[in-house]
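Since the structure comes first, as structure tokens, the remarks are kept for the end.
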Amino acid sequence: MSSLLYDLPGPRARLRNRILGIVSIAAIVALVAFIVYKFNQTGQFEARKWEQFQYASVQRELLTGLWATLKAAAIATVLALLFGAVFAGARLSDRWILRAPATFVVELFRAIPLLILIFFGYYVPLQYGWSIDKLWALVIGLTLYNGSVLAEIFRAGINAVPHGQSEGAYAIGLRKNQVLRLILLPQAFRSMLPAIVSQLVVLLKDTALGFIITYPELLFVGKQIGGRLPFGLPYVPTYLIVAAIYISICGLLSALAWWLQRRLTRLPRTAAKPVPSVQTDGGAGATQLV
């Protein structure tokens with residue numbers, strides 16, 4: 001038996017894959033155990049370094065940093081999706097006067113590192129005496145970079161829809177914007193959803209780069225908490241907590257994407273109605289539905 005892409009593994013191959021899986025899991029467990037051992041050996045699990053996290057003021061600091069992270073990510077997500085939709089539509093246009101500038105903008109901002117975009121968004125206006133909020137400097141960088149990537153995701157998803165769909169829509173007289181909006185987008189969205197959510201997870205994690213312009217996001221707040229000498233400079237415990245928060249949020253986003261994909265792919269089942277047969281009375285020339 002074989003699938004479309006590769007031959008299904010036989011008994012020996014399944015046994016070999018099972019052994020490789022067990023060895024890989026054992027190696028990962030050993031690595032984690034070694035890291036925990038080194039942390040314990042260097043005193044990272046001492047009560048002194050974890051003591052401050054029981055105070056409400058420290059918990060409020062973490063929540064404030066988390067709120068700043070989520071606020072920047074939410075604004076940048078909305079703007080990046082709008083940016084991607086507009087420039088994807090321009091790149092799919094039949095008019096070169098729209099397609100050429102959109103291609104240049106998308107390729108330009110995809111090629112520039114995000115950190116440089118954040119630097120430009122914050123420091124360039126300061127060179128001309130303009131004051132810009134750190135939140136918006138971070139949002140501008142996130143929007144330009146992730147919006148360009150999303151534009152390519154949208155364009156690739158729409159182009160992946162079979163051409164027969166658009167040809168059939170043109171054949172019944174629909175205009176191009178109607179074909180794109182009514183025929184192509186609903187079908188492309190299902191295939192694009194995992195890539196869109198993956199890019200939004202990247203956007204959320206990229207908000208941590210805001211620390212470079214001292215935007216008070218979660219990582220910046222964690223760095224301040226970890227640098228307190230009375231608690232033994234608990235950088236490792238603080239970063240472990242920050243990492244757990246990031247992992248939890250990204251896991252929730254992935255679970256939401258999985259749920260949406262399940263709902264979108266769950267098509268209603270309808271039973272076909274029987275077509276009535278027609279009998280013709282040869283003598284009278286009359287027809288009768290049965």
Side-chain angles (χ1 to χ4, degrees), residues 16-74 76-77 113-119 122 134-135 138 141-142 145-146 194 197-259:
R16 183 173 61 249
N17 293 340
R18 191 176 297 112
I19 293 174
L20 289 175
I22 294 173
V23 171
S24 300
I25 293 174
I28 294 173
V29 171
L31 178 61
V32 172
F34 176 75
I35 294 173
V36 172
Y37 168 75
K38 295 299 291 185
F39 281 169
N40 184 62
Q41 192 178 32
T42 55
Q44 301 301 329
F45 297 124
E46 294 178 356
R48 177 191 178 192
K49 292 192 175 184
W50 295 85
E51 182 182 357
Q52 64 172 329
F53 297 107
Q54 66 181 337
Y55 299 132
S57 58
V58 176
Q59 296 170 6
R60 283 194 296 269
E61 287 182 73
L62 289 172
L63 289 176
T64 301
L66 177 60
W67 167 246
T69 292
L70 295 178
K71 180 168 63 174
T77 294
L114 175 58
L115 192 59
I116 295 178
L117 292 175
I118 295 174
F119 270 127
Y122 183 67
K134 296 173 183 177
L135 168 65
L138 176 61
L142 293 172
Y145 179 78
N146 293 281
V197 174
S198 297
Q199 192 59 39
L200 295 182
V201 170
V202 171
L203 185 152
L204 174 65
K205 294 187 293 185
D206 284 343
T207 56
L209 294 176
F211 85 95
I212 204 67
I213 56 174
T214 66
Y215 175 69
E217 44 77 40
L218 185 58
L219 184 62
F220 182 79
V221 172
K223 183 180 179 181
Q224 290 181 323
I225 294 175
R228 290 169 179 168
L229 186 58
F231 297 97
L233 299 176
Y235 282 110
V236 171
T238 304
Y239 289 149
L240 287 175
I241 292 175
V242 170
I245 294 173
Y246 274 114
I247 291 171
S248 300
I249 298 173
C250 294
L252 289 175
L253 283 176
S254 300
L256 176 62
W258 177 82
W259 179 78

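Positions are given from 1, in the same order as the sequence printed here.
Looking only at side-chain heavy atoms (C-beta outward), Leu204 and Cys250 come within less than 4.5 Å of each other. When side chains are defined from C-beta on, Thr69 counts as touching Tyr246, because their heavy atoms get closer than 4.5 Å. Counting heavy atoms from C-beta outward, Asp206 and Asn146 have side chains that approach closer than 4.5 Å. When side chains are defined from C-beta on, Phe231 does not count as touching Pro237, because their heavy atoms never get closer than 4.5 Å. Val197 has its side chain out of reach of Leu256: every pair of non-hydrogen atoms, C-beta onward, lies at least 4.5 Å apart.
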Passes side-chain contact (heavy atoms from CB on, under 4.5 Å), Tyr239 versus Leu219? Steps please.
CA-CA 8 Å; Tyr239 289 149; Leu219 184 62; 3.9 Å; yes
Run Val58 and Glu61 through side-chain contact (heavy atoms from CB on, under 4.5 Å) and show every step you take.
CA-CA 5 Å; Val58 176; Glu61 287 182 73; 4.3 Å; yes
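Nearest heavy atoms, Gln54 versus Glu51: CG-O, 2.9 Å. Here the closest heavy-atom approach between residue Phe45 and residue Val36 is recorded as CE1-O, 3.6 Å. Between Pro216 and Val221, the shortest heavy-atom contact is O-CG2, 3.9 Å. A pairwise comparison of heavy atoms in Leu203 and Ala73 identifies CD2-O, 3.6 Å as the closest pair. The shortest heavy-atom contact between Gly141 and Leu114 is O-CD1, 3.2 Å. In terms of heavy atoms, Tyr215 sits closest to Lys71 at OH-CE, 4.2 Å.
The OG1 atom of Thr207 sits 8.0 Å away from the CG atom of Leu218 when rounded to the nearest 0.5 Å. In this structure, OG in Ser248 is found 11.5 Å from CG in Leu253, a value given to the nearest 0.5 Å. Once rounded to the nearest 0.5 Å, the distance linking OG1 of Thr77 with CD of Gln199 reads 10.0 Å. Taking OG1 from Thr238 and CD1 from Ile225, the interatomic distance works out to 6.0 Å, rounded to the nearest 0.5 Å. The structure places NZ of Lys49 at 11.0 Å from CG of Leu240, a figure rounded to the nearest 0.5 Å. The distance from the CD1 atom of Ile247 to the CD1 atom of Ile249 is 11.0 Å, given to the nearest 0.5 Å.
Judged purely by atom type and a 3.5 angstrom limit, Trp50 uses its side chain to pair as donor or acceptor with the backbone of Gln44. Listed for the Glu217 side chain is no donor-acceptor partner under 3.5 Å among the backbone atoms of Leu66. For the pair Thr214 (side chain) and Phe211 (backbone), a donor-acceptor distance under 3.5 Å is absent.
The local environment of OH in Tyr145 is sparse, with at most 12 non-hydrogen atoms from other residues, nucleotides or ligands closer than 6.0 Å.
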